[in-house]
2 protein chains.
Amino acid sequence: MDQLEIFKALSNKSRLQILQWLKDPELNFPEQEVYGFENGVCVGQIQQKAGLTQSTISEYLSTLQRAGLVESTRVGQWTYYKRNEAAFAALTKIIEKEL
Amino acid sequence: MDQLEIFKALSNKSRLQILQWLKDPELNFPEQEVYGFENGVCVGQIQQKAGLTQSTISEYLSTLQRAGLVESTRVGQWTYYKRNEAAFAALTKIIEKEL
DNA sequence: AATATATATCGGTTTTTTCCGATATCCCAA
DNA sequence: TTGGGATATCGGAAAAAACCGATATATATT
């Protein structure tokens, strides 16, 4: 886990917001027909809610993924993103012990 | 506590390093004559160790202070900085609950 | 009052980040 | 096999961050 990369990923308003939305998909996104929220939420829904362009959101999700904070699953034409809760748990430990 | 401001303060290698050094001043800095490390470590010592200019370090310490991660005490011509451990504890809670 | 030392602030250059539009890729359906 | 929708990638303009040197301010000493 790269501390610096994680903190950089977290130091943007939109990316923080996305992570918070993903904490409770049922609450924050309209129903998804096929998969529920098992795999997370697809890029398009996040993009709509965030009100930024598709390319920007795609990049932001990559950034979060490189930092290990989210995971993605491709299903057909859709890519679903969900939080990686283990990474958040690890992060609190980093702050408690290393920082 | 402003999440975003905290994460921005943490997303710089030198500032992270400073926080780690301040975790154990006895270990990371030469003895200070008058005050021990009660009040923390003065700017000059941090600057020397970091190998950046005085102005840069002064700014970085302000950044950390604005984020609430350190506190400063002026004693004569010196300003001592030390960690605000309460802020770190609060940060782990933010990550657990809000993030 | 003059000088010296420690820190803060200011102005500027270079690098990084933020965001966009355009285009490429990938997958599905007809 | 072609067209359309979803996502990724690329190139770039504008804003922010990372530094620096010069200068200002505060305190202590003489």
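Just so it is clear, the values below take in all heavy atoms, side chains as well, and ignore hydrogens, waters and symmetry mates. Not measured: the values here are computed from a predicted model.
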Rounded to the nearest Å, what distance is computed from the [atom1] atom of residue [X] to the [atom2] atom of nucleotide [N]?
{"X": "N39(B)", "N": "dA6(C)", "atom1": "CG", "atom2": "P", "result": "17 Å"}
{"X": "L10(B)", "N": "dA18(D)", "atom1": "CG", "atom2": "C1'", "result": "16 Å"}
{"X": "E5(B)", "N": "dA16(D)", "atom1": "CD", "atom2": "P", "result": "15 Å"}
{"X": "L61(B)", "N": "dT7(C)", "atom1": "CG", "atom2": "P", "result": "10 Å"}
{"X": "Q48(A)", "N": "dG5(D)", "atom1": "CD", "atom2": "P", "result": "14 Å"}
{"X": "Q65(B)", "N": "dT9(C)", "atom1": "CD", "atom2": "C1'", "result": "15 Å"}

For [X] and [Y], which I'm curious about, is there any donor-acceptor pair between the side chains at under 3.5 Å?
{"X": "Q65(A)", "Y": "E71(A)", "answer": "no"}
{"X": "E98(B)", "Y": "Q3(B)", "answer": "yes"}
{"X": "Q47(B)", "Y": "T53(B)", "answer": "no"}

Using a cut-off of 4.0 Å on non-hydrogen atoms, how would the nucleic acid contact of T79(A) be classed: base, sugar-phosphate, or nothing?
sugar-phosphate
Contact between L19(A) and F88(A) at the side-chain level, heavy atoms closer than 4.5 Å - yes or no?
yes
Does atom CD of E96(A) have more than 12 heavy-atom neighbours from other groups under 6.0 Å away?
yes
L64(A), V41(A), V43(A) screened by side-chain contact (heavy atoms from CB on, under 4.5 Å) with Y81(A), the one that passes
V43(A)
Any side-chain N or O of Y81(A) under 4.0 Å from OP1/OP2 of dA8(D)?
yes
Base contacts versus sugar-phosphate-only contacts with protein, heavy atoms under 4.0 Å: please encode nucleotides 17-30 of chain C as B, S and - from 5' to 3'.
SSBBBB----BS--
